[in-house]
> 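I have a structure I would like to understand better, so I am pasting it below and will then ask my questions one at a time.
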Amino acid sequence: MRAELSEKYDLAPSPELAEEIGDIYAKMSRVITPADWAIYAPYVKAINDLKAERNAVILGHNYMTPEIYHGISDFGGDSLQLAIKATEVEADVIVQCGVHFMAETSKILSPEKTVLMPDMDAGCSLAESVTADGIAEMRRRYPGAPVVTYVNTTAEVKAASDICCTSSNAAQIVGAMESDTVIMTPDQYLAQNVARDVPHKNVVWWEGSCIVHEQYTAKDLREFREWNPGTRLIAHPECPPDVVNEADFSGSTSGIIKYVTDEKPEKAMLITECSMASNISDALPEVDFVGPCNMCPYMKKITLEKVLYALDTMTGQIEVDPTVAEKARLAVQRMIDLSRELGI
Ligand code: SF4
């Protein structure tokens, strides 16, 4: 891939180019060294030029590395924010810097656009934990109960569900279901955290989990708090409930960004994927982001080189069977409509 690209683009490290596009570097100078920026700059320039040529837009998830999130993305956000953005932009091509289910969701909501995935192997442990057969099994176990499915799933699973949810609206969506029993898939921890927030519902769940968030333990948080008094602990609801209980705040990636931006704690530990803290660090110089973090191996498959290759060759196009896409779109649209109705 590199050899092929080098025939068309000058990708040698360039301190001169790094300086020339220093305004982009200013958004990540706290977390990327000048030497690394000189390596990234030729890729960033080539991608941004090619983007204009192709009438393309790059959507960067909050878990992308800073050179992708700040260097080439036109929009950053969580998976749903990005999918909604995909429907709003006037572009012919969308490059999804995230994982496969996100690109599928963009394609489902914007079937007329070409959606490119820079690495088809960028999967997700949650999305891979359940299939449409799994949804059918849950329906057999709990007859009549609606299926609320997290957006971190394949199009096939969304199509087999009644409505989707995100980590920011899950409790309200589940709470608004008419049935007493509600099936949540595929994240057992998100479901358990939601169950605590909607005690009037009997929430039952599929046993999937996120390999990043399930690694944290409540003991880790207690010990960290002892060693680092005054640090604000902020957990994503894909973490196990005892971890969420130990934290000072729990929210989706956009909820976490809002909390840290509003509160500006002196020290904060984000109990979520590593790049979150890196991506908001320069915008919040008064906050010291501390503590260990876990990387998502799927998200980290997306690199500048792969993005450039996908845009250059127009490879990695996402296709979703139209019948599946239509049913999946309905499940996502129901969530969007209900969220609006509930004022979320
Ligand atoms: S962080 Fe977890 S939920 Fe997100 S893509 Fe990685 S494995 Fe999936």
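Atoms within a ligand are numbered from 1 in the order they appear, just like the ligands themselves. Because the structure is predicted, anything quoted here is derived from the model rather than measured.
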> Atoms of ligand 1 less than 4.0 Å from V212 heavy atoms?
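This gives 1 (S) as the contact atoms.
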> Between E273 and ligand 1, which part of the residue brings a heavy atom under 4.0 Å of the ligand: side chain, backbone, both or neither?
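The answer is neither.
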> Number the atoms of ligand 1 from 1 as they appear, then name those within less than 4.0 Å of a heavy atom of C124, with their elements.
3 (S), 5 (S), 8 (Fe)
> Using a strict cut-off of 4.0 Å, indicate which atoms of ligand 1 neighbour a heavy atom of E238.
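Result: 3 (S).
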> For the residue pair Y63 and H213, categorise the inter-ring angle as parallel (less than 30°), tilted (30 to 60°) or perpendicular (more than 60°).
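Answer is tilted, since the angle falls between 30° and 60°.
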> Quick one: are the C274 and C296 sulfurs under 2.5 Å apart?
no
> Considering heavy atoms of the protein only, find what lies nearest to atom 4 (Fe) of ligand 1 and give residue, atom and distance to 0.1 Å.
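Answer for atom 4 (Fe) of ligand 1: Y63 CE1, 4.1 Å.
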> Do the side chains of V95 and M64 join up, straight or via other hydrophobic residues, at under 4.5 Å, putting them in one cluster?
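Yes; tracing contacts between hydrophobic side chains, which count when under 4.5 Å, links both residues.
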> What is the closest protein heavy atom to atom 6 (Fe) of ligand 1, and at what distance does it sit?
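Ranking protein heavy atoms by distance from atom 6 (Fe) of ligand 1, first comes C296 SG, 2.4 Å.
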> Determine, for E137 against R140, whether the closest basic-nitrogen to carboxylate-oxygen distance falls under 4.0 angstrom.
no
> Hey, which atoms in ligand 1 end up nearer than 4.0 Å to a heavy atom of L126?
3 (S)
> Could you go through the side-chain contact (heavy atoms from CB on, under 4.5 Å) check for V287 and E263 one step at a time?
CA-CA 10 Å; V287 182; E263 294 279 316; over 6 Å; no
> Answer yes or no for C210: is there an N/O/S atom below the 2.8 Å cut-off from atom 6 (Fe) of ligand 1?
no
> Taking NZ, NE, NH1 and NH2 as the nitrogens, is one of them in R222 or D242 under 4.0 Å from a carboxylate oxygen of the other?
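D242 and R222: not salt-bridged.
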> Mark up the atoms of ligand 1 that fall under 4.0 Å of a heavy atom belonging to N152, in ascending order.
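Counting from 1, the qualifying ligand atoms are 3 (S).
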> Testing C239, P237, P241 for side-chain contact (heavy atoms from CB on, under 4.5 Å) with L190, which one passes?
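The single option meeting the side-chain contact (heavy atoms from CB on, under 4.5 Å) with L190 is P237.
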